[in-house]
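What follows is a short report on a single structure.
Quick caveat, the model's predicted, so the values are computed rather than measured.
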Amino acid sequence: MNEGFQFKQFYVRHDRCAMKVGTDGVLLGALACGDDVCNRSGDVLKVLDAGCGSGLIALMLAQRLPAAQVWAVDIDAEAAAQAQANFNNSPWAERMTAMCADIRALACDAALEAGFDLVVSNPPFYDNSPDARDAARDAARRADTLSYEQLARAASRLLRVGGRFAVILPHDRSEEFVHTCWLCGLQHCAQTDVRTKETKPLKRSVLEFVKDDTAHALKTATLTLLDENGERSRQYANLCRDFYLDKP
């Protein structure tokens with residue numbers, strides 16, 4: 001049984017989590033708001049990973065943002081506990097906290113409202129999918145557990161004005177989600193579309209939003225994961241060079 005995954009600076013154990021370490025999480029952790037958040041210096045940033053699972057994305061953000069206080073929440077108690085254990089074993093334990101909580105309830109907490117600089121989420125994406133054999137995995141993957149509108153509204157409430165929200169979704173759901181976020185006061189500012197190979201259709205989109213009333217020029221990019229030999233593309237390897245272990 002694969003109990004975890006070793007990265008350059010941390011280890012993620014995921015045997016107690018419904019959703020395992022995967023490419024989607026790595027992409028979001030590596031791409032989320034890099035230009036606008038990571039270049040800030042001197043500020044103590046408040047970051048929230050909503051639906052954290054094993055804590056992978058939160059750990060990647062803690063590595064990328066040395067001035068950040070990172071919170072992570074998951075509705076599954078086992079996942080939240082494992083995320084906290086992974087945080088405790090990381091180099092950034094003193095500034096990372098995991099909680100078993102529903103982001104919808106968190107967004108109603110007056111002490112947290114409008115307090116975060118960055119909210120990230122790898123949200124559920126199968127609407128009304130058949131129940132899986134693993135009930136926890138099914139709940140983690142189903143958008144009827146947490147709707148896109150509920151997620152967008154919660155993120156908007158939790159972000160300060162000018163704060164950023166980043167998600168990864170199936171590409172064919174991106175247009176719908178952009179409209180939902182606009183209705184919640186979140187302006188679409190960046191999008192990276194992802195495909196496995198040059199010859200394959202777009203599979204995922206990493207979407208970024210900013211909480212303000214200003215129209216933003218949309219920054220777009222396309223990322224191809226594998227080259228013609230089935231190896232990591234140079235583009236993908238460069239993106240993840242600070243995280244993935246070098247191949248022998």
Side-chain angles (χ1 to χ4, degrees), residues 3-5 7 9-34 37-38 44-109 111-125 136-137 139-141 145-146 150-152 154-160 163-169 206 208 243:
E3 294 186 342
F5 196 94
F7 291 86
Q9 296 192 40
F10 59 88
Y11 179 77
V12 180
R13 192 176 178 106
H14 58 195
D15 56 299
R16 296 162 59 190
C17 299
M19 300 304 296
K20 309 304 181 187
V21 169
T23 302
D24 284 6
V26 171
L27 286 170
L28 183 58
L31 284 169
C33 305
V37 175
C38 294
V44 176
L45 301 173
K46 292 181 66 177
V47 176
L48 175 66
D49 178 4
C52 65
S54 63
L56 165 64
I57 298 167
L59 285 160
M60 293 180 72
L61 291 171
Q63 178 179 327
R64 289 176 59 202
L65 300 168
Q69 294 291 326
V70 181
W71 282 264
V73 298
D74 201 288
I75 59 172
D76 183 88
E78 283 290 292
Q82 183 147 70
Q84 186 63 63
N86 286 330
F87 297 167
N88 292 343
N89 290 326
S90 78
W92 314 290
E94 72 284 353
R95 53 189 180 89
M96 301 191 74
T97 303
M99 299 176 288
C100 179
D102 187 322
I103 187 176
R104 292 167 291 192
L106 211 65
C108 296
D109 186 336
L112 295 175
E113 187 175 349
F116 287 94
D117 298 281
L118 173 62
V119 175
V120 298
S121 184
N122 178 7
F125 53 79
R137 180 179 173 85
R141 296 183 72 123
T145 303
L146 174 69
Q150 289 170 332
L151 174 61
S156 184
R157 288 180 64 95
L158 288 164
L159 285 169
R160 64 169 180 80
R164 294 294 182 113
F165 175 42
V167 299
I168 184 166
L169 295 172
V206 176
E208 299 182 12
F243 302 104

Write down the atom of [X], the atom of [Y], and the distance for their closest heavy-atom approach.
X      : Y      : result
Phe87  : Ala58  : CZ-CB, 3.7 Å
Leu106 : Ala101 : CD1-CB, 4.4 Å
Ser90  : Met96  : OG-SD, 4.1 Å
Ser121 : Ala50  : OG-O, 3.0 Å
Val119 : Leu158 : CG2-CB, 4.5 Å
Cys52  : Ala72  : CB-CB, 3.6 Å

Any sub-3.5 Å donor-acceptor pair from [X]'s side-chain atoms to [Y]'s backbone N or O?
X      : Y     : answer
Arg164 : Ala32 : no
Arg95  : Ala62 : yes
Asn89  : Ala85 : yes
Asp49  : Val70 : no
Arg13  : Asn86 : no
His14  : Val21 : yes

Tell me yes or no: between the side chains of Gln84 and Asn88, is some donor less than 3.5 Å from an acceptor?
-> yes
[X] side chain near [Y] side chain, heavy-atom distance below 4.5 Å:
X      : Y      : value
Val73  : Trp71  : no
Ile57  : Met60  : no
Asp117 : Arg160 : yes
Phe5   : Lys20  : no

Which value, rounded to the nearest 0.5 Å, describes the distance between [X] atom [atom1] and [Y] atom [atom2]?
X      : Y      : atom1 : atom2 : value
Thr97  : Leu48  : OG1   : CG    : 11.0 Å
Trp92  : Gln69  : CH2   : CD    : 14.0 Å
Leu118 : Phe165 : CG    : CZ    : 10.0 Å
Leu151 : Leu146 : CG    : CG    : 5.0 Å
Leu65  : Gln63  : CG    : CD    : 10.0 Å
Arg157 : Ile103 : CZ    : CD1   : 11.5 Å

Please state whether the rings of Phe7 and Phe10 are parallel, tilted or perpendicular, taking 30° and 60° as the class boundaries.
-> parallel
Please assess Leu59 against Phe243 for the test side-chain contact (heavy atoms from CB on, under 4.5 Å), listing each intermediate value before the final yes or no.
-> CA-CA 10 Å; Leu59 285 160; Phe243 302 104; over 6 Å; no
Member of Asp74, Asp15, Asp76 meeting the side-chain hydrogen bond (donor to acceptor under 3.5 Å, both in side chains) criterion with Gln82 = Asp15
